[in-house]
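Read the structure below first, then the notes.
For ligands, and for the atoms within them, numbers begin at 1 and follow the listed sequence.
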Amino acid sequence: MQGMVHSFKIDLKGIIDLLSNHLYSDPSVFVRELLQNAVDAITARKNNGERFEPNIRVEVVQDGETRRLIFEDNGIGLTENEIHEFLATIGRSSKRISEARESYLGQFGIGLLSCFMVSSEIRVYTQSSKGGPAACWIAQPDGTYEIATTTEAPEVGTRVILEAREDFDYLFEFENLQEDLFGYGEILPYPIQLSSGEEQIQVNSGNIPWTIYAETGDPALKEQVLAYARERLNLDALDCFPLKTSAGGVSGVAFVLPYSTQANSRQWHRVYLKNMLLGSQIENLLPEWAFFVRCFLNVQGLHPTASRESFYEDELLTEARAELNSQMQAWLRHLTQHDHEGLRKLLQLHYLPMRALSVDNDEFYKLLVHSFSFETSTGRMTLAEYLQHNPVIRYVTNLDQFRQIAQVASAYGHSVINAVYTYDVPILRKYTAMFDVATEEIDATTYAHTLEEVQSEGLQNFLLLAQDALKDLECQITVKKFIPDSLPALFIVSEVHQELGDVEQAQEVSDDLWSDVLEDYASELRSQRVAHLHLNFNNALVQSMLHAENPKVVRRLVQMLYVQAHLLGHHPLRQEELTLLTEGLQEMMFWGLRADRMLN
Ligand SMILES: Nc1ncnc2c1ncn2[C@@H]1O[C@H](COP(=O)(O)OP(=O)(O)OP(=O)(O)O)[C@@H](O)[C@H]1O
């Protein structure tokens with residue numbers, strides 16, 4: 001096909017709308033774009049080998065109703081030809097075609113257009129450091145511009161003048177500008193002066209402890225860095241540590257948060273690109289699990305997206321992220337080996353997310369699992385401490401079961417873990433797969449089977465009597481030997497029985513209708529009920545009871561031991577048990593008084 005060749009036309013209004021509504025999340029980014037151009041112009045002049053004192057000057061001028069912003073640098077400036085080629089050509093950037101492109105912040109050739117979001121005109125006075133006449137460029141948002149020679153340009157450098165649009169007037173206020181300039185330029189190595197009338201300040205002080213700490217890793221600076229976080233971020237960090245990568249040239253510091261966060265909570269890391277703030281919500285640089293730190297990072301060699309709100313997902317970013325990942329793990333490893341108190345605080349504060357993370361992430365698991373603490377039948381301890389005395393990890397998944405067997409298990413030299421809290425079970429089960437140590441889930445009934453039987457003919461009569469004493473309570477009674485000797489009886493119920501106890505207790509406080517409904521369920525459970533009262537042959541009281549002659553006394557003692565074992569095992573008391581308790585206590589008090597009378 002042979003036809004006429006045409007050029008694209010650009011509707012600048014459409015592009016400005018695109019930038020303001022879809023690319024930039026905040027109109028104040030025009031400050032960032034102006035600052036970035038000033039920094040790049042200074043870098044370009046330095047790259048040319050010129051020696052000069054870099055300087056960025058910002059001034060607000062009130063002219064009647066109009067507020068005007070003057071933004072000036074003493075960078076490389078532009079010749080008239082360069083104005084046509086770079087300033088006035090959308091998408092063309094002197095920086096992208098430069099050999100030293102890696103040293104610049106800008107690359108897309110669209111940043112200056114962001115000024116149209118807040119000003120209805122962009123005026124640029126510029127003097128190139130290469131010489132030639134100074135030029136003045138005045139651009140309108142309809143896409144037209146004028147260009148002329150001028151005598152009002154800086155000696156060398158560029159002055160941009162914006163007139164605030166009424167709706168964005170507030171962005172040109174001194175305090176707002178101070179805040180934005182400080183936010184974007186705090187760690188820039190060039191002084192930024194801000195003035196308005198008589199008022200003049202230097203926005204950035206140049207004394208940033210975390211950047212030096214990041215570069216040198218000098219532990220002597222740690223306190224200063226933590227003090228900086230307290231003053232500047234209102235963050236009383238638990239700890240901080242330096243980070244540095246070779247891929248992407250990232251250097252910075254991680255502050256350990258002093259409050260708990262969710263594992264999936266958004267990460268708020270403050271990221272600078274070549275010393276200029278890229279954003280405070282950059283999400284894709286740190287590993288996903290870095291929820292317990294907030295990082296300040298300065299990046300030299302990664303590539304930002306056009307909106308400058310994240311980095312391109314390229315190989316370099318993947319490598320940088322991997323390096324940050326292993327450095328953060330190294331810090332955790334250091335805690336596990338050398339700072340147990342620090343680790344304890346960290347795990348206590350971020351208890352659940354750290355456990356969740358370990359379940360999903362093997363590296364983390366290996367690093368932290370031995371430091372996780374568990375409630376056991378022999379007290380609270382870390383898994384490492386537990387494994388010192390227990391070759392097998394024994395755990396219970398039900399709190400009632402745990403209470404029932406806690407005393408007996410320790411008598412067997414076993415310590416049992418109360419694994420009823422979130423992530424306890426998956427963490428313990430994973431241990432076998434990772435470290436080849438046996439784990440065993442146990443319950444009270446299994447334990448009861450291991451109690452030593454007592455073979456004695458003489459017990460038959462006693463057992464018949466005892467069984468009769470408990471006949472309305474559906475409880476099997478046995479005599480076994482177990483330790484501790486001080487424990488006279490052990491009441492062990494199966495899960496079904498446990499549930500039945502709960503249902504019957506609920507029945508007692510329910511109205512008739514609901515109680516009937518529960519009764520259906522309860523009778524089904526009753527048919528499966530298994531409850532055992534194991535009397536301890538080793539216990540002195542039980543021994544005396546076995547030899548007691550008065551059946552009435554034996555019956556009462558058995559019933560009271562039944563209630564006591566109930567209470568020790570934290571089983572709910574039903575009406576039957578409460579009645580036994582009241583009657584039994586009264587009767588025993590009565591016996592006591594009678595014995596007293598007989599003695600006197
Ligand atoms: N202060 C300045 N001094 C010298 N040249 C400048 C200045 N500001 C802009 N320019 C020139 O104008 C060009 C376009 O600037 P613009 O801010 O639109 O894009 P950029 O900085 O190249 O890239 P980006 O869109 O990524 O910011 C720049 O490449 C540069 O050549």
Side-chain angles (χ1 to χ4, degrees), residues 10 12 15-16 18-20 23-24 29-48 50 52 54-58 69-119 122-132 134-139 141 143 145 147 153-162 184-185 188 190 192 273-274 276-279 302-312:
I10 285 181
L12 196 58
I15 301 244
I16 294 165
L18 178 76
L19 293 184
S20 45
L23 191 63
Y24 299 128
V29 294
F30 81 94
V31 178
R32 178 186 75 193
E33 294 302 323
L34 287 174
L35 193 57
Q36 180 184 293
N37 281 347
V39 171
D40 281 343
I42 290 170
T43 309
R45 194 172 167 197
K46 283 188 158 184
N47 286 346
N48 278 353
E50 288 189 54
F52 63 105
N55 193 352
I56 298 167
R57 209 178 58 77
V58 183
L69 177 75
I70 303 171
F71 210 106
E72 188 173 314
D73 65 71
N74 61 350
I76 194 163
L78 291 156
T79 62
E80 190 176 327
N81 280 345
E82 286 167 340
I83 290 179
H84 287 295
E85 185 179 355
F86 300 120
L87 214 49
T89 310
I90 295 161
R92 183 121 174 105
S93 171
S94 57
K95 303 156 197 176
R96 199 176 43 234
I97 56 173
S98 160
E99 275 175 19
R101 58 183 286 186
E102 286 300 326
S103 61
Y104 298 116
L105 292 155
Q107 55 174 319
F108 297 108
I110 55 167
L112 195 67
L113 290 181
S114 65
C115 295
F116 279 131
M117 285 159 56
V118 296
S119 169
I122 303 175
R123 199 176 273 255
V124 174
Y125 296 90
T126 183
Q127 169 64 60
S128 167
S129 69
K130 297 169 204 154
C136 167
W137 177 77
I138 305 171
Y145 66 86
I147 194 161
E155 202 180 322
V156 172
T158 302
R159 180 183 304 138
V160 180
I161 302 180
L162 304 179
Y184 288 120
L188 277 175
Y190 313 132
I192 306 169
L273 178 64
K274 301 184 182 97
M276 227 189 103
L277 181 71
L278 193 65
L302 295 175
H303 304 118
T305 56
S307 68
R308 310 200 137 247
E309 279 155 20
S310 55
F311 289 105
Y312 277 120

Practice task
Answer yes or no for G75: is there a heavy-atom contact with ligand 1 below 4.0 Å?
Solution key: no

Fill in the blank from the handout: One finds that the ligand 1 atoms under 4.0 Å from a non-hydrogen atom of S93 are 20 (P), 22 (O), 29 (O)

Exercise for the section: Report, in ascending order of atom number, the atoms of ligand 1 lying under 4.0 Å from any heavy atom of K95. Expected result: 20 (P), 21 (O), 22 (O), 28 (C), 29 (O)

Handout entry: Under 3.5 Å donor-acceptor, K95 side chain and A44 backbone
Key = no

Problem - Nearest-contact summary for atom 6 (C) of ligand 1 - protein heavy atom, Å - result: L78 CD1, 3.9 Å

Exercise for the section: Given side-chain contact (heavy atoms from CB on, under 4.5 Å), test L105 with T43 step by step and report yes or no. Expected result: CA-CA 10 Å; L105 292 155; T43 309; over 6 Å; no

Exercise for the section: Verify, without hydrogens or angle tests, whether N74 (side chain) and G157 (backbone) share a donor-acceptor contact under 3.5 angstrom. Expected result: no

Problem - Close N or O approach (G106, ligand 1; < 3.5 Å) - result: no

Fill in the blank from the handout: Under 4.0 Å between heavy atoms, the region of Q36 that gets near ligand 1 turns out to be side chain

Problem - Protein heavy-atom partner closest to atom 15 (O) of ligand 1 - residue, atom, separation in Å - result: N37 ND2, 4.1 Å

Problem - Check: G109 N/O within less than 3.5 Å of ligand 1 N/O - result: yes

Practice task
Show which atoms of ligand 1 fall inside a sub-4.0 Å distance from at least one heavy-atom site of D73.
Solution key: 1 (N)

Practice task
Would you mind running through ligand 1 and noting each atom that sits below 4.0 Å from a heavy atom of A41?
Solution key: 3 (N), 4 (C)

Exercise for the section: Go through the structure and list residues passing ring pair (Phe, Tyr, Trp, His ring centres under 6.0 Å) with H84, not counting sequence neighbours. Expected result: Y145

Practice task
Kindly indicate whether the side chain of R32, heavy atoms from C-beta on, has any atom under 4.5 Å from the side chain of L277.
Solution key: no

Exercise for the section: Identify the two heavy atoms, one from E50 and one from S129, that lie closest to each other, and give their separation to 0.1 Å. Expected result: OE2-OG, 3.0 Å

Handout entry: Q127 side chain to G132 backbone, donor-acceptor under 3.5 Å
Key = yes

Handout entry: Heavy atom of the protein closest to atom 12 (O) of ligand 1 (residue, atom name, distance)
Key = L87 CD1, 3.3 Å

Problem - Identity and separation of the nearest protein heavy atom to atom 14 (C) of ligand 1 - result: F86 O, 3.9 Å

Problem - Geometric N/O contact D40 with ligand 1, under 3.5 angstrom - result: no

Exercise for the section: Mind checking whether S94 contacts ligand 1 via backbone (N, CA, C, O), side chain (CB onward), both or neither, at a 4.0 Å heavy-atom cut-off? Expected result: both

Problem - Donor-acceptor contact present, side-chain T126 to main-chain L78, <3.5 Å - result: yes

Problem - Side-chain heavy atoms of N37 within contact of F71, under 4.5 Å - result: no

Completion exercise
In I161, T158, I147, the residue satisfying side-chain contact (heavy atoms from CB on, under 4.5 Å) with V124 is T158

Handout entry: Gap between atom CG of L273 and atom NE2 of H303 - 0.5 Å precision
Key = 9.5 Å

Fill in the blank from the handout: ligand 1 atoms nearer than 4.0 angstrom to some heavy atom of G111 are 16 (P), 17 (O), 18 (O), 19 (O), 24 (P), 25 (O), 27 (O)

Handout entry: Heteroatom distance test (I76, ligand 1): nitrogen or oxygen, under 3.5 angstrom
Key = no

Problem - Location of contacts on I110 toward ligand 1, heavy atoms closer than 4.0 Å - result: both

Exercise for the section: For T79 and E82, indicate whether the former's side chain and the latter's backbone hold a donor-acceptor pair under 3.5 Å. Expected result: yes

Problem - Which segment of L112 sits under 4.0 Å of ligand 1 when only heavy atoms are counted - result: both

Exercise for the section: Looking only at distances, please establish whether an N/O atom of ligand 1 is found under 3.5 Å from an N/O atom of E33. Expected result: yes

